[in-house]
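Below: one structure, written as structure tokens.
In what follows, chains are A, B, ... by sequence order, proteins preceding strands, each numbered from 1.
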Protein chains: 2
Amino acid sequence: MDISVLHNSILFKDFDDTEISELLKALNAAEKKYNKGAMIFSSGEITDKLCFVTAGGVTIESNDMWGNRTILNLVGKGQFFAESYALLPDVPMLVDVCAAEDCSIVFLSMKSLADLNDTIRARLLANLLTITTRKNLHLSSRSFHTAPRQVRGRIMAYLNTVSVQKHSREFDIPFDRQQLADYLNVERSVLSNELSKMQRDGLIRCRKNHFEII
Amino acid sequence: MDISVLHNSILFKDFDDTEISELLKALNAAEKKYNKGAMIFSSGEITDKLCFVTAGGVTIESNDMWGNRTILNLVGKGQFFAESYALLPDVPMLVDVCAAEDCSIVFLSMKSLADLNDTIRARLLANLLTITTRKNLHLSSRSFHTAPRQVRGRIMAYLNTVSVQKHSREFDIPFDRQQLADYLNVERSVLSNELSKMQRDGLIRCRKNHFEII
DNA sequence: CCCAAAATGTTGTAATTACAACATACTTTC
DNA sequence: GAAAGTATGTTGTAATTACAACATTTTGGG
């Protein structure tokens, strides 16, 4: 198992190597590999596993009964997912989780939290709280980015956020066109078209996933 | 201050009256009243206050520069909001918070968490984790409900979730038409129109906020 | 009970988006 | 470096939605 990524994760912030090893044992840590496109969780499943990406990345998606896909989130190396479902183990998942590329996932049992002593538990809970809170902000951001009714508004809302986060008018985005379209909940071709128009209108410059706001 | 609502809140679950009183003091609890429509937080503000609704209700909204409003969440009596911003105090809010009706809000300082002893702190953190996790699911749900591209799809996704939650094909929803339209990110008139069509098509029956799925 | 105000429903037209089909550009592999 | 595969850009048409304007219903005082 690739321990080093876990050691640098938010979950084990302020824990030393010995403590981490003990915690991994206490939480029944197990690693599993997936090929690109593989489904890790399906809508309706129930789990108590907190999931950590040690390599590659996954997408959190909503796939409706008419075949429309919406990417709700991208989760990359060093990040967690399914924490809501792990911590509320009676709630069935509303989303699918797929391997965006070949990836490795470590599963940690949240049932086992109760067995830890109070001090360790408090430290772990504080870190878990940071994880869920940040995830919360990601979800809020997506609501914010898909709130504008028109495609141009959504693109600008999104690019503006990335620009603010990176403290620069010039930046790379972590999506290709199809993924960005799915994230913003618009048609890929409509997105391409609108990006062209926005360049013609002198609002932005872009080439592949590199953007500049003018 | 209306203590009884706080005593029944998730945050103070498993705390007795004495402990709660001490905690309220330690967290600098302060109550404030707002009239319907009043703005409680504006986009861009920074806060470390965990907010609790003791009476009435508030809406979490995204208001874009073209005047479009999107209701991201309704927060009612006995519920919390702004916990993400309170727990990550360097992050500016991306949303507005408005009084949906006359309401009272209790503000709790999250900076003061660090001053608590470990045992109390662990118990409080566990409860906070439940709050953020549930809030997380609400946000996920909204992504899910607005994922379908078409109005009918969004309505059905939403009604289906409510129906599952209430274990019944017949139920009340907590939105009026304008609020449901804002929540689903569609035009109010388009929503009314589509609901009429769905009744004509024999999919649902509805009258005001009472719905029946057929 | 009546009135005024608010909420909801209906309709038509203009604007936008979805979708398909195809063109072009870029990548990878042999 | 050619071929195949993938990603991105463009265009036109059909379908959907936005918006405004108005009709109808419901609600809450007086």
So the salt bridge (charged side-chain N to carboxylate O under 4.0 Å, His left out) pairs with at least one residue in residues 188-202 of chain A (sequence neighbours excluded) are A:R152-A:E194, A:R152-A:D201
Nearest heavy-atom contact between A:S112 and A:N28 is OG-ND2, 3.5 Å
In whole Å, what is the span from the CZ atom of B:R154 to the P atom of D:dT16?
14 Å
Between the side chains of B:S43 and B:D96, does any donor sit under 3.5 Å from an acceptor?
no
Measure from CG on A:N193 to P on C:dA18 and round the result to the nearest Å.
12 Å
How far does CG of A:D182 sit from CD of A:E61, to the nearest 0.5 angstrom?
7.5 Å
Side chain to side chain contact (heavy atoms under 4.5 Å, CB included) involving B:E212 - partner list, sequence neighbours excluded
B:E170, B:R205
Heavy-atom pair with the smallest gap, counting every atom of A:V162 and A:D172
CG1-O, 4.3 Å
Donor-acceptor list for residues 82-90 of chain B side chains, cut-off 3.5 Å, not counting sequence neighbours:
| residue | atom | partner | partner atom | Å |
| --- | --- | --- | --- | --- |
| B:Y85 | OH | B:L94 | N | 3.2 |

B:E194 has an atom CD; how far is it from atom P of D:dA18, in whole Å?
11 Å
Would you name the heavy atoms of B:K32 and B:F107 that are closest together and state the gap between them?
CB-CE1, 3.8 Å
To the nearest 0.5 Å, what is the distance between OG1 on A:T146 and CG on A:L184?
8.0 Å
Picking from C:dC19, C:dT17, D:dT17, the nucleotide nearest the side-chain atoms of B:Q150 would be D:dT17
Under 4.0 Å, heavy atom to any atom of DNA chain D: which of residues 196-214 of chain A qualify?
A:S196
CD1 on A:I105 to CZ on A:F41, rounded to 0.5 Å
9.0 Å
Heavy-atom contacts under 4.0 Å between residues 168-192 of chain A and DNA chain D, which residues?
A:D176, A:R177, A:Q178, A:R188, A:S189, A:S192
Angle of first-five versus last-five pair axes in the helix from C:dC1-D:dG30 to C:dC30-D:dG1, to 10 degrees:
50°
